[in-house]
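In what follows, residues are counted from 1 in the order of the sequence shown. As the structure is a prediction and not an experimental result, all values here were calculated from the model.
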Amino acid sequence: MLKQLTQISSTDQLTQINNRLFFDMAINKHIINAKHSQHPLSIILIDVDYFKLFNDNLESKPASNTIN
């Protein structure tokens, strides 16, 4: 039950991909591991500009497929 609730709370309902909560938990885990192992940690973030415009012009399904 707890595993199910954790998955529901960290997954976007529309796209079924991990959400910001999942990202925050995962990045914190990686930061702790990098500090513990004294290895550098690099993060690359990509911001898709105008995705809302793409989403608004098409049905939800193609936009969701683009994310996946």
Please name all residues satisfying side chain to side chain donor-acceptor pair (under 3.5 Å) with Ser9, sequence neighbours left out, ordered by chain then number. none
Nearest 0.5 Å, please: how far is [atom2] in [Y] from [atom1] in [X]?
X	Y	atom1	atom2	answer
Thr6	Gln4	OG1	CD	10.0 Å
Ser37	Ile32	OG	CD1	12.0 Å
Lys3	Ile8	NZ	CD1	12.5 Å
Leu45	Phe23	CG	CZ	5.0 Å

Sequence neighbours left out, what passes side-chain contact (heavy atoms from CB on, under 4.5 Å) with Thr11? Give chain and number order. Gln7, Gln16, Asn18
Quick one: closest heavy-atom pair of Ala34 and Leu41, and the distance? CB-CB, 3.9 Å
Indicate yes or no for a side-chain donor-acceptor contact from Asn19 to the backbone of Phe22 under 3.5 Å, with no hydrogens or angles considered. yes
